[in-house]
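These notes are about the structure you will find just below.
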Amino acid sequence: YGSTRPERILAEVKRKATRGDARSVVDTIDQYCRHQEWAMNVGDEKGTILDSIVCEVKPRAMLELGTYCGYSAVRIASLLPPNSRLITMEFNPVFAAIARQVIAWAGVEDKVVLIEGPSGDWIPKMKKEFGLTSFDLVFLDHWKDCYLPDTKLMEECGLLRTGSILVADNVICPGAPDYLEYVRGSPRYESKYFRSHLEYTTVEDGIEKSVFLG
Ligand SMILES: O=C(NC/C=C/[C@H]1O[C@@H](n2cnc3cncnc32)[C@H](O)[C@@H]1O)c1cc([N+](=O)[O-])cc(O)c1O
Ligand SMILES: [Mg+2]
């Protein structure tokens with residue numbers, strides 16, 4: 001039941017996950033997507049890498065591009081220190097509506113601000129709209145050909161400061177070759193590849209962590 005995959009994922013969360021327990025929401029989605037139907041969540045294996053970076057950085061202000069069902073928003077929010085905030089952007093209204101319910105079920109809505117709209121339109125408005133100076137940590141997991149233009153846009157809009165960290169999913173599969181070439185070739189970034197696997201599969205994929213040097 002549920003006409004779309006995100007709706008079926010939400011139904012599974014409501015059936016199996018404990019309200020207010022972010023960990024159980026994450027585990028429920030991972031179980032479902034590993035055993036019932038695959039979905040493009042960062043997943044458990046790469047999620048562990050993302051967790052370690054979030055815990056290391058302890059971001060006060062974090063941005064996620066590409067909410068989808070809210071799996072990584074819940075995963076990240078559950079690790080954020082008090083009065084920190086994750087702003088997550090999703091332009092598909094159906095996905096955004098599902099993600100809001102997943103985030104609420106997990107009980108992390110007070111740490112997550114979901115913006116419904118395209119990143120290209122919203123990035124230039126972030127400072128004014130949210131009284132932000134810069135992001136400590138950015139998770140890129142939206143369309144892979146948007147990684148590079150949006151990174152350049154964040155630079156231009158002054159949303160990155162010396163030490164801001166970009167974490168990009170899928171740099172191998174489906175791949176973001178222009179983004180990878182940019183962060184690995186630019187003297188303004190210190191980049192590191194964390195080898196892993198495409199969510200719920202044995203296909204190689206990985207996460208690229210890039211520190212903006214200013
Ligand atoms: O294609 C992938 N991800 C694209 C994710 C896209 C998500 O971000 C939103 N979006 C896109 N541009 C946006 C701009 N602004 C806001 N939301 C936006 C889309 O509405 C969707 O919810 C992908 C594919 C595989 N795969 O194996 O094929 C594996 C993965 O882990 C993946 O992340
Ligand atoms: Mg991904």
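When a residue number appears, it is its place in the shown sequence, counting from 1. Order of listing sets the numbers, starting from 1, for every ligand and every atom in it.
- Residue Trp143 shares its hydrophobic cluster (ILVMFWY side chains chained together at separations under 4.5 Å) with Phe91.
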Between ligand 1 and the protein, which N/O pairs fall short of 3.5 Å?
unit_1, atom_1, unit_2, atom_2, d
ligand 1, 3 (N), Lys144, NZ, 3.3
ligand 1, 15 (N), Ser119, N, 2.9
ligand 1, 15 (N), Ser119, OG, 3.4
ligand 1, 17 (N), Phe91, N, 3.2
ligand 1, 20 (O), Glu90, OE2, 2.5
ligand 1, 22 (O), Glu90, OE1, 2.6
ligand 1, 22 (O), Glu90, OE2, 3.2
ligand 1, 31 (O), Asp169, OD2, 3.2
ligand 1, 31 (O), Asn170, OD1, 3.0
ligand 1, 31 (O), Asn170, ND2, 2.6
ligand 1, 31 (O), Glu199, OE1, 3.4
ligand 1, 31 (O), Glu199, OE2, 2.5
ligand 1, 33 (O), Asp141, OD1, 2.9
ligand 1, 33 (O), Lys144, NZ, 2.9
ligand 1, 33 (O), Asn170, OD1, 2.9

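- Salt bridge Lys125/Asp121: absent, no basic N to carboxylate O contact under 4.0 Å.
- Within a 6.0 Å sphere centred on CZ of Arg23, other residues, nucleotides and ligands contribute more than 12 heavy atoms.
- Cation-pi check for Lys152 over Tyr182 is met; the charged atom lies under 6.0 angstrom from the ring centroid and within 45 degrees of its normal.
- In this structure, CD in Gln101 is found 13.0 Å from CD1 in Ile9, a value given to the nearest 0.5 Å.
- Contact of the Val138 side chain with the Met62 side chain is not registered, since no non-hydrogen atoms from C-beta on lie closer than 4.5 Å.
- Around the Mg ion (ligand 2), protein atoms of type N, O or S found under 2.8 Å number 3.
- Pairs of residues two or more places apart, or lying in two chains, that qualify as salt bridge (charged side-chain N to carboxylate O under 4.0 Å, His left out) and include a residue from residues 90-110 are Arg100-Glu116.
- Figure legend: Arg5 and Tyr32 shown without cation-pi pairing, the cationic atom not lying both under 6.0 angstrom from the six-membered ring centre and within 45 degrees of its axis.
- A salt bridge is defined here as a Lys NZ or Arg NE, NH1 or NH2 lying under 4.0 Å from an Asp or Glu carboxylate O, and Asp44 with Arg34 meets this definition.
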